[in-house]
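Just so it is clear, the values below take in all heavy atoms, side chains as well, and ignore hydrogens, waters and symmetry mates.
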Amino acid sequence: GQNIDQPTEMTATEGAIVQINCTYQTSGFNGLFWYQQHAGEAPTFLSYNVLDGLEEKGRFSSFLSRSKGYSYLLLKELQMKDSASYLCAVRDRGSWGKLQFGAGTQVVVTP
Amino acid sequence: DGGITQSPKYLFRKEGQNVTLSCEQNLNHDAMYWYRQDPGQGLRLIYYSQIVNDFQKGDIAEGYSVSREKKESFPLTVTSAQKNPTAFYLCASSTGTPQETQYFGPGTRLLVL
């Protein structure tokens with residue numbers, strides 16, 4: 001199984017940058033996902049990392065270091081609509097497609 | 001439009017009652033999943049199905065049952081044995097290969113009267 005840790009809450013100003021860290025422990029890593037979830041809604045897929053390095057998608061980037069069991073999601077040019085919970089999820093090599101989720105990081109964007 | 005639908009959006013359960021949550025997808029995905037989300041906690045896997053007529057228990061299957069008679073449908077029954085059913089229930093699907101991303105339905109919020 002995995003232990004997945006991410007901060008509970010982060011606050012940032014509109015237009016700023018926020019970095020959400022996620023650390024994990026797993027017996028056989030097979031991919032890390034980031035999802036965005038607005039209150040009362042379904043999680044929506046943001047990014048997937050399976051190899052070390054940075055994946056960039058517009059204002060959002062995700063980084064992975066497998067040797068450190070560490071990932072971060074970087075949100076640039078924050079907008080009010082980015083206020084949401086961000087979920088880190090890890091796939092274990094031995095558990096066929098199953099994802100283990102962290103508790104989520106609530107990002108609050110202020111004017 | 002392709003997607004995943006869940007119904008109802010809100011569901012109320014009385015003591016001792018079984019209730020069934022619907023999940024339908026038209027994405028032609030082989031794999032489907034049910035998760036439970038409680039405040040301040042991550043999503044926890046209840047059941048998953050890799051193919052029609054087959055399903056596996058997840059981490060918190062006690063008090064729940066599922067069926068997978070059709071590729072498009074994966075209903076979840078919350079039985080009276082589930083003593084704390086109040087939660088947000090999310091259904092997801094994927095193409096079925098272990099590498100694939102899971103896509104989520106809009107969720108059903110279950111409340112106990």
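- Heavy-atom pairs under 4.5 Å with chain B peak, among P43(A), G104(A), A42(A), at P43(A).
- In this structure, W34(B) and F74(B) have tilted ring planes: the angle between them lies in the 30° to 60° band.
- Of the N and O atoms on the side chains of Y24(A) and S71(A), not one donor lies less than 3.5 Å from an acceptor on the other residue.
- Ring geometry for F45(A) against Y35(A) counts as perpendicular: the plane angle is over 60°, on a 0 to 90° scale with 30° as the lower cut.
- Both the backbone and the side chain of L43(B) come within contact range of chain A, with heavy atoms under 4.5 Å apart.
- A donor atom on one side chain and an acceptor atom on the other are not found under 3.5 Å apart for Y48(B) and Q102(B).
- Among G102(A), G31(A), C88(A), the residue with the largest count of heavy-atom pairs under 4.5 Å with chain B is G102(A).
- With a 6.0 Å cutoff to the six-membered ring centre and a 45° limit on the axis angle, R109(B) does not count as a cation-pi contact of Y10(B).
- For Q37(A), the part lying under 4.5 angstrom from a heavy atom of chain B is the side chain only.
- Residues E24(B) and N26(B) have side chains that never bring a donor and an acceptor to within less than 3.5 angstrom of each other.
- Using a 4.5 Å cut-off between heavy atoms, D59(B) touches chain A through its side chain atoms alone.
- Neither the backbone nor the side chain of R44(B) has a heavy atom closer than 4.5 Å to any heavy atom of chain A.
- Contact annotation for Q37(B): only side-chain heavy atoms (C-beta onward) come within less than 4.5 Å of a heavy atom of chain A.
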